[in-house]
Amino acid sequence: MTDEEFAARLAHDTGQLLLAVNNTSLLSSHDLGDAGDSLAQDFIARTLELHRPNDAVLSEEARDDAARLTAKRVWIVDPLDGTSEYRRRGEDWAVHIALVQNGVPTASAVALPPRGTVFRSDTVGKADGPLTRSMVVSRGRPPMEALLVAKRLGMQLDPVNSAGVKAMAVVEGRADAYVHAGGQHQWDSAAPVGVALAAGLWCSRLSGAPLVYNTRSTYLPDLVICRQEVKDDILSVLHALRR
């Protein structure tokens, strides 16, 4: 398997496992979310050990190993992105699998299991078509930066839970932008950014600086994923906010 094929199959199969767990009547609420996180992590870890034994791994659900910092190939994964939505048996959750080399995602897959869809960096189509004038934001507490960008540019807000689901909404053309601030880690965005870049979208920090992965700190608090047509307008608003 190529790395792209492997990432896609791993994301898909992890999603199928999570769907089966989510259908149980024996667990609910936090117990359901904990079971999903744990089982998905174990499955991904075992599969990587079998198929990519020489690669390093950074996962939300595992202890960070500093050896990844000198590794040429690092898999950055989020076994279950959107655990709170998963335990409510909602649909806004995802599986993130990304291979990172030299700080950049080179093979990425994002599975949206409730929809039966896997987005992969080697087959994703280019994001084009008419602009929607909408922005996906966090359902709970949309960041001030996103609210101000939407207001200045006349964009409608579309609240969504999972970072992966939000990013794929832009990839699909259902939204023009995803603006986030206030806290994320590398596993939240590595795979979505890898797919988004392959789709021809703009991806950066709020400052316009590149998103760099497999750094010592896993914290990567903000990002912009958007159509190229609105990139300059969005970054201009964000730049004005920092002055």
Measuring from [X]:[atom1] to [Y]:[atom2], what's the distance to the nearest 0.5 Å?
X: Leu220; Y: Thr215; atom1: CG; atom2: OG1; value: 7.0 Å
X: Thr24; Y: Leu32; atom1: OG1; atom2: CG; value: 8.0 Å
X: Arg68; Y: Thr218; atom1: CZ; atom2: OG1; value: 7.0 Å
X: Gln228; Y: Asp128; atom1: CD; atom2: CG; value: 12.0 Å
X: Ser134; Y: Gln156; atom1: OG; atom2: CD; value: 8.5 Å

Does Leu26 sit in a hydrophobic cluster with other residues, and if so which ones, taking ILVMFWY side chains as linked at heavy-atom separations under 4.5 Å, directly or through other members?
-> none
Using the side-chain contact (heavy atoms from CB on, under 4.5 Å) rule, pick out the option among Leu223, Val224, Val137, Asp188 that qualifies with His180.
-> Leu223
Please report the shortest heavy-atom distance between Ala8 and Val118, naming the atom on each side.
-> O-CG1, 4.1 Å
Work out which heavy atom in Ala169 is nearest to a heavy atom in Val136; give both atom names and the distance.
-> CB-CG1, 3.9 Å
Is Leu99 reachable from Val57 through a run of hydrophobic residues whose side-chain heavy atoms are each under 4.5 Å from the next?
-> yes
Is Leu112 reachable from Val95 through a run of I, L, V, M, F, W or Y residues, each pair having side-chain heavy atoms under 4.5 Å apart?
-> no
Is any side-chain N of the basic residue among [X] and [Y] closer than 4.0 Å to the acidic one's carboxylate O?
X: Glu172; Y: Arg115; value: yes
X: Asp3; Y: Arg52; value: yes
X: Arg88; Y: Glu85; value: yes
X: Arg120; Y: Asp122; value: yes

Using a 3.5 Å distance criterion without hydrogens, assess whether the side chain of [X] forms a donor-acceptor pair with backbone atoms of [Y].
X: Thr47; Y: Phe43; answer: yes
X: Arg227; Y: Val171; answer: no
X: Gln186; Y: Ser217; answer: yes
X: Asp92; Y: Val160; answer: no
X: Asn22; Y: Arg89; answer: no
X: Ser162; Y: Gly82; answer: no
X: Thr70; Y: Ala67; answer: yes
X: Arg73; Y: Gln101; answer: no
X: Ser29; Y: Asp31; answer: no
X: Thr14; Y: Leu10; answer: yes

Are more than 12 heavy atoms from other residues, nucleotides or ligands located less than 6.0 Å from atom [atom1] of [X]?
X: Glu5; atom1: CD; answer: yes
X: Asn23; atom1: CG; answer: yes
X: His51; atom1: NE2; answer: yes
X: Arg46; atom1: CZ; answer: no

Taking it one step at a time, do Val77 and Leu58 satisfy side chain to side chain contact (heavy atoms under 4.5 Å, CB included)?
-> CA-CA 6 Å; Val77 303; Leu58 172 62; over 6 Å; no
Would you check, one step at a time, whether the test side chain to side chain contact (heavy atoms under 4.5 Å, CB included) holds for Asp176 with Met135?
-> CA-CA 6 Å; Asp176 297 338; Met135 175 192 295; over 6 Å; no
With side chain to side chain contact (heavy atoms under 4.5 Å, CB included) as the test, would you mind laying out the steps for Asn161 and Ser84 before giving the verdict?
-> CA-CA 8 Å; Asn161 189 42; Ser84 61; 3.5 Å; yes
Qualifying salt bridge (charged side-chain N to carboxylate O under 4.0 Å, His left out) pairs, either residue in residues 201-216, two or more places apart = Arg205-Asp222
Salt bridge (charged side-chain N to carboxylate O under 4.0 Å, His left out) pairs, two or more places apart, involving residues 141-168 | none
With side chain to side chain contact (heavy atoms under 4.5 Å, CB included) as the test, would you mind laying out the steps for Leu235 and Ser204 before giving the verdict?
-> CA-CA 10 Å; Leu235 292 180; Ser204 73; 4.2 Å; yes
Side chains of Arg242 and His239: donor-acceptor distance under 3.5 Å anywhere?
-> yes
Determine which pairs satisfy ring pair (Phe, Tyr, Trp, His ring centres under 6.0 Å) with at least one residue from residues 86-132, sequence neighbours left out, and list them in order.
-> Tyr86-Trp93
Do Pro79 and Ser59 have side-chain heavy atoms sitting under 4.5 Å apart?
-> yes
Asp81 side chain near Trp187 side chain, heavy-atom distance below 4.5 Å | no
Residues that Arg87 engages under salt bridge (Lys or Arg N to Asp or Glu O under 4.0 Å), provided they are two or more places apart = none
For Arg133, the salt bridge (Lys or Arg N to Asp or Glu O under 4.0 Å) test, sequence neighbours excluded, returns none
Near-ring test Phe6/Trp75, centroid separation under 6.0 angstrom = yes
